[in-house]
Chemist: 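If you scroll down you'll find the structure; I have some questions about it.
In what follows, chains are A, B, ... by sequence order, proteins preceding strands, each numbered from 1.
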Amino acid sequence: MKKDKRPPIFMTGRDGSTWMPTSYRTHTLGEIARGGSELIDTEVTISGYAEAIRGRGAICFLMLRDGTGHLQAFLKKDNLDEESFTNIQSANRESTIQVTGKVAQKRPPKVKEGEPTPAAEYEVVASSATILSAAEAPMPMGVTDKVNVELPTRLDNRHIDLRRSHVNAIFQLRGKILQYGREHLVTEGFGEMNSPKIIASASEGGTNLFPMKYFETEAYLSQSPQLYKQLAILGGLERVFEIGPAFRAEEHDTYRHLNEFISFDIEMAFANDEDVMCVQERMIHHIWKSVAENDQNLIDIINDWREQQEPPLNPITVDVPSLPFPRVEYSDAIEIIQAAGENITWGDDIEAHHADMIAAEYPGFYFLPRWPMSMKPFYIYHNSDEKGPGGGQLSRGFDLNYGRDEMCSGGQREHRTEILIENLKNMGLNPDDFSFYVDGFRFGAPPHAGWGLGVARLLMVLTGAGNVRETVLFPRDRRRCTP
RNA sequence: GCCCCGAUAGUGUAGUGGCCUAUCAUGAAGCCCUGUCGAGGCUUCGACCCGGAUUCAAAUUCCGGUCGGGGCGCCA
């Protein structure tokens, strides 16, 4: 490609980041669209997807889209060779096209008398143009068409669905959530780790695992990094986090469950449940605050789309939650649900429709600490003097909810070996099966706590998505294993 | 595992036994116009999931199948 004559100025990416010019473009579309006045008469090379190709005469308007925005290229038959002109003019939408030409201000549209003239817009007047890759027609689904496309069709064609601005924005925001989350944990001294996803046995019990063949023996896909995070803590890493997949072989089919999901986990030594709840609320606060400060453009893109729906959806807003988040202890939650007229007793699970009742009093994020020990896994800690109203043993396990939906569960972990073994027995598990884990506690173990947060569910809250499949690029559910 | 629901052009839909040679939008093909502005105008193309049954007549009713959707249960 043509070498840019500019000194090394960097392209501007979509979020103010610097993108180095590449062999296929000297500028991004967003850069020219936003900073066109500085670039007038500059020769540029741009590349993108053809979003609309209009004009069948001696002129052609080519609307291009790349990862940073949209820009029109103006092609005039006289200005470039006839073959390229004809090819572009008859190209299908979504073909990828490269254009070289000079930046110019667009001719202002005709406005009715009395109406204000719109802000100046820019375009590239093509001197040459090439189809990099021709798109076939028709598309399996439209990118800019106004027809609604159903989720299964979108997921079957996710690579095309992702070209739609609001879908693209959701996944850019996902990256931001992880970035800001990491950023925050690092400032609190956490280090990133990875645990194995191939495991020899059910690490916790309680959920169905996907069996797999590991050479000659049977193995499973990991349901959670839980036990390995703890082993890292026992080994003295003090503060760790992991962002990685978890697999559950449950045949559920709801808007919030998937069989493969990304869990954002932490584990922290010399800490209890309250300590790690504080880490979590500070982290979520940091994520929301950072999105509000830096990424309103992505929220705006989603809102543009929501406004165009029929009927229009309410705009989403990034409301930075105030600290601390409410703590609604399990026993109090049961009372709230009972007061709402529901037949529930201490020891019952709090289901989604129950959570609605709590959410009515505590909109937004709230913690549900101090669940009954009987409802929590064997590795959750308890103080024997902490009892519920009927005398039931309380645990130091907690959930984080947003509205009706569980975002996270966590707790202080049992670090006392004898009690750990007792818990396993009480829950009908054989301690011998967990020796690799239990033995870790025999040689000194710090009290510790941690949690696991569903990234896609958090992204649902941030983007207003009504289905977790919206916030996972290639979701794996009961029926879907492709693409 | 349980309970509902659905399947019509590439996409999204209308359709409740004959008016269906199947609606509309979007799309695609072509033409006209045009420095266009989610451009506009005209023409054309393109579909009833599969098998069986009822009926003079089935996209429409019934049975079976396949595929899919929603909810619940289950689920650190």
Side-chain angles (χ1 to χ4, degrees), chain A residues 51-63 70-77 90-94 104-111 118 121 123 125 135-157 160-161 164-165 202-209 222-227 229-230 246-259 261 263 265 267 304-305 307-308 310 349 351-353 371 375-380 395 397-400 406-411 413 427 450-454 466-467 469 477-480:
Chain A
E51 200 158 274
I53 302 168
R54 289 191 278 268
R56 295 280 171 239
I59 57 172
C60 175
F61 304 100
L62 171 65
M63 183 55 82
H70 298 83
L71 194 75
Q72 177 171 284
F74 177 61
L75 288 74
K76 210 169 189 173
K77 207 168 191 171
S90 56
N92 290 323
R93 300 190 304 168
E94 297 301 316
Q105 187 167 336
K106 267 166 95 170
R107 296 202 183 169
K110 295 161 201 145
V111 288
E121 291 188 75
E123 66 182 2
V125 179
E136 291 179 19
M139 303 282 292
M141 58 173 283
V143 175
T144 54
D145 302 357
K146 11 181 173 171
V147 294
N148 178 48
V149 185
E150 294 203 319
L151 189 56
T153 308
R154 294 173 48 203
L155 294 178
D156 285 341
N157 301 282
I160 294 170
D161 183 46
R164 306 201 296 165
S165 304
S203 52
E204 298 176 35
T207 192
N208 292 318
L209 305 191
S222 168
Q223 70 181 107
S224 156
Q226 179 60 31
L227 304 184
K229 286 190 299 181
Q230 290 189 257
F247 305 92
R248 308 273 165 95
E250 300 294 336
E251 298 186 356
H252 37 43
D253 196 7
T254 76
Y255 68 90
R256 61 187 184 278
H257 285 100
L258 291 175
N259 297 293
F261 62 94
S263 180
D265 274 81
E267 204 65 30
D304 287 346
W305 174 81
E307 196 184 337
Q308 284 161 21
E310 197 55 53
D349 198 7
E351 292 165 9
H353 70 284
W371 286 67
M375 300 175 67
K376 284 290 162 186
F378 69 87
Y379 54 78
I380 290 290
S395 77
F398 67 88
D399 283 358
L400 175 77
E406 183 182 329
M407 297 284 120
C408 160
S409 90
R413 318 306 190 187
M427 294 179 190
W451 42 255
L453 176 68
N467 191 313
R469 292 162 183 81
D477 65 23
R478 175 85 180 81
R479 294 187 184 83
R480 182 176 291 278

Chemist: How do Arg478(A) and Asn467(A) order along RNA chain B: which one's closest nucleotide is nearer the 5' end?
Modeler: Arg478(A)

Chemist: Starting from the 5' end of RNA chain B, give me the residue, Arg469(A) or Ala58(A), whose nearest nucleotide shows up first.
Modeler: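 On the 5' side of the pair lies Ala58(A).
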
Chemist: Can you tell me how far P in rU23(B) sits from the matching atom in rC3(B), rounded to whole Å?
Modeler: 39 Å

Chemist: Can you confirm whether the side chains of Glu250(A) and His257(A) place a donor and an acceptor under 3.5 Å from each other?
Modeler: no

Chemist: For a quick check, tell me whether the side chain of Gln72(A) and the base of rU36(B) share a donor-acceptor pair closer than 3.5 Å.
Modeler: yes

Chemist: When rounded to the nearest Å, what value does the distance between P atoms of rG6(B) and rC63(B) take?
Modeler: 13 Å

Chemist: Provide the distance between the two P atoms, one in rG70(B) and one in rU8(B), to the nearest whole Å.
Modeler: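 These two P atoms come out 16 Å apart once rounded.
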
Chemist: Using the C1' atom as the reference point in each nucleotide, state the distance between rA7(B) and rA59(B) in Å, no decimals.
Modeler: 11 Å

Chemist: Ignoring hydrogens and angles, are the base of rC75(B) and the side chain of His252(A) linked by a donor-acceptor pair under 3.5 Å?
Modeler: no

Chemist: With sugar-phosphate meaning primed atoms plus P, OP1 and OP2, does Tyr255(A) contact a base, only sugar-phosphate, or nothing at under 4.0 Å between heavy atoms?
Modeler: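 It contacts sugar-phosphate atoms only.
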
Chemist: Can you check the distance between rC56(B) and rG41(B), where both ends of the measurement are the P atom (answer in whole Å)?
Modeler: 49 Å

Chemist: Using both pair distances under 3.5 Å as the test, note the stems of at least 3 consecutive Watson-Crick or G-U pairs that include RNA chain B.
Modeler: B:1-7 with B:66-72, B:10-12 with B:24-26, B:27-32 with B:40-45, B:49-53 with B:61-65

Chemist: I'd like the C1' distance from rC32(B) over to rC20(B), given in whole Å.
Modeler: 33 Å

Chemist: Let's test your reading of the model: under 3.5 Å, does the base of rG35(B) pair with the side chain of Glu123(A) as donor and acceptor?
Modeler: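 Side chain to base: pair present.
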
Chemist: Mind listing the N/O atom pairs, protein and nucleotides 25-30 of chain B, below 3.5 Å?
Modeler:
{"unit_1": "rU26(B)", "atom_1": "O2'", "unit_2": "Asp145(A)", "atom_2": "OD2", "d": "3.1"}
{"unit_1": "rG27(B)", "atom_1": "O3'", "unit_2": "Arg93(A)", "atom_2": "NH2", "d": "3.4"}
{"unit_1": "rA28(B)", "atom_1": "OP1", "unit_2": "Arg93(A)", "atom_2": "NE", "d": "3.1"}
{"unit_1": "rA29(B)", "atom_1": "OP1", "unit_2": "Asn92(A)", "atom_2": "OD1", "d": "3.3"}

Chemist: When you compare rG51(B) with rC67(B), how far apart are their C1' atoms, in angstrom units rounded to a whole number?
Modeler: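 About 15 Å, rounded to a whole number of Å.
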
Chemist: Starting from the C-alpha separation in whole Å, work towards a yes-or-no answer on side chain to side chain contact (heavy atoms under 4.5 Å, CB included) for Leu151(A) and Arg469(A).
Modeler: CA-CA 8 Å; Leu151(A) 189 56; Arg469(A) 292 162 183 81; 4.0 Å; yes

Chemist: Using the P atoms only, state how far rC49(B) lies from rU16(B), rounded to an integer number of Å.
Modeler: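 To the nearest whole Å, 16 Å.
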
Chemist: For Gln105(A), I'd like to know if atom CD has over 12 heavy atoms of other residues, nucleotides or ligands within 6.0 Å.
Modeler: yes

